[in-house]
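Below: one structure, written as structure tokens.
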Amino acid sequence: MSHRVKVLVYGVLLVCCVPFVFPIWWMATTSLKPVTEIFAFPPSLLPGSPTLDAYRQVFELQPFGRQYVNSLYIAVLVTILTLAVSALAGYAFARIRFRGAGVVFVIVLTGLLVPNEVTIIPLYRMFDALGLVDTHWPLILVPALGAPSVLATFIMRQFFITLPGELEEAGRVDGLGRFGLFWRVALPLARPAIGAVSIFTFLHSWNLYLEPIVFLSSKEKFTIPQALTQYVDAYGGPMWNTQLAAATLSALPVLIIFVLAQRQFVEGLAQTGLKG
């Protein structure tokens, strides 16, 4: 492309980025404004009198640090468990031929059609009978074995299907068994799919809201989405700058992970539909 065409293309891309970048910019800058400045007219893109009082209140009004760690370690555990389940299941559906494999795979995919709201009451009664209500176990087991794991299994299966069969034949010549082929041949080549699954699984767990409000009642065990709803004044009204400060802090891990693994994310999703 010529220099003028490049300038035009980048200009159009910058304009298209505004609807996506502006809400994040507004959230971050408004968290630095006093309450009176938030509702000033006309609104300003930059804080006139920046202050960190909202960030101080985030940690003073609630055990936000503990809640932040809760969300972080739950999301990491869910991601690891989902990767383990989906990689093994996806490889089995892609490479192991057995009677009724297609039917079983369709049955597994139907898990994507069941809304979380439909199963939340039976799940609550089950975990209550096990004595796991007001613990983090439901927030770990339900996503790792539920719909997010089904979607991850589909992505991993589609990726493993694209791998040439000659790679496994070479592994068999070297004496590798089925698990050895998976561990030493297929899994190392699945980095793009693993990156894609990791990002959307971590994001889903980090933003989980319904399950925490159903299963958790202690503030020390709250996760970030549940904690964000607790920043209200004495009359029940929202504390805008404090809520935006907490939301800004909660968005940082997701942005960092996506920036570090965006290439694997795009490659993984692009290769899921090559064969099927």
Taking atom [atom1] of [X] and atom [atom2] of [Y], what is their separation to the nearest 0.5 Å?
X	Y	atom1	atom2	value
Leu8	Leu13	CG	CG	9.5 Å
Ser205	Ile74	OG	CD1	6.5 Å
Ile80	Ile140	CD1	CD1	10.5 Å
Tyr68	Gln62	OH	CD	14.5 Å

State which residue, out of Asn207, Val197, Val78, Val76, fulfils the side-chain contact (heavy atoms from CB on, under 4.5 Å) condition with Phe202.
Val76
Assess whether atom [atom1] of [X] is packed by more than 12 heavy atoms of other residues, nucleotides or ligands within 6.0 Å.
X	atom1	value
Arg66	CZ	no
Ile96	CD1	yes
Arg56	CZ	yes
Phe98	CZ	yes
Trp137	CH2	no
Arg172	CZ	yes
Phe20	CZ	no

Relative to the ring of [Y], is the ring of [X] parallel (under 30°), tilted (30 to 60°) or perpendicular (over 60°)?
X	Y	result
Tyr124	Phe215	parallel
Phe179	Phe182	tilted
Phe64	Phe59	perpendicular

Does the pair Leu176 and Trp183 meet the rule for a side-chain contact (heavy atoms from CB on, under 4.5 Å), with working shown?
CA-CA 10 Å; Leu176 294 178; Trp183 185 256; over 6 Å; no
Partner set under side-chain contact (heavy atoms from CB on, under 4.5 Å) for Ser149, not counting sequence neighbours:
Thr82, Val85, Thr153
Ignoring hydrogens and angles, tell me if any N or O in the side chain of [X] forms a donor-acceptor pair with the backbone of [Y] under 3.5 Å.
X	Y	answer
Thr119	Asn116	yes
Thr79	Ala75	yes
Glu37	Gly48	yes
Thr110	Ile107	yes
Trp240	Thr30	no

If you compare all heavy atoms of [X] against all heavy atoms of [Y], which two are closest, and at what distance to 0.1 Å?
X	Y	result
Glu211	Ile120	CG-CD1, 4.1 Å
Pro143	Pro138	CD-O, 3.7 Å
Tyr55	Ala28	OH-O, 4.3 Å
Leu187	Ala87	CD1-CB, 4.2 Å
Leu45	Phe22	CD2-CE1, 3.6 Å
Val150	Val108	CG1-O, 3.2 Å

Would Phe127 and Leu141 count as a side-chain contact (heavy atoms from CB on, under 4.5 Å) if you check the C-alpha gap in whole Å, the side-chain angles of each, and the deciding distance to 0.1 Å?
CA-CA 10 Å; Phe127 284 112; Leu141 296 178; 4.1 Å; yes
Within the 4.5 Å heavy-atom criterion, are [X] and [Y] side-chain neighbours or not?
X	Y	value
Tyr91	Leu181	yes
Phe200	Leu151	yes
Leu32	Leu52	yes
Asn241	Ile38	yes
Gln158	Thr162	no

Steps toward side-chain contact (heavy atoms from CB on, under 4.5 Å) verdict (Leu139, Leu216):
CA-CA 9 Å; Leu139 309 186; Leu216 301 181; 3.6 Å; yes
Side-chain donor-acceptor contacts of residues 248-257 below 3.5 Å, not counting sequence neighbours, with atom names and distances?
from	atom 1	to	atom 2	distance (Å)
Thr248	OG1	Leu244	O	2.7
Ser250	OG	Ala246	O	3.4
Ser250	OG	Ala247	O	2.7

Which pairs of donor and acceptor atoms, one on a side chain in residues 219-230, lie under 3.5 Å apart (sequence neighbours left out)?
from	atom 1	to	atom 2	distance (Å)
Lys221	NZ	Asp134	O	2.8
Thr229	OG1	Gln226	O	2.7

Report yes or no: do Phe105 and Leu145 belong to one cluster of Ile/Leu/Val/Met/Phe/Trp/Tyr joined by side chain heavy-atom distances under 4.5 Å?
no
Before you tell me yes or no, could you show the steps for Ser86 and Ile155 under side-chain contact (heavy atoms from CB on, under 4.5 Å), namely the whole-Å CA-CA distance, both residues' side-chain angles and the distance that decides it to 0.1 Å?
CA-CA 8 Å; Ser86 63; Ile155 293 177; over 6 Å; no
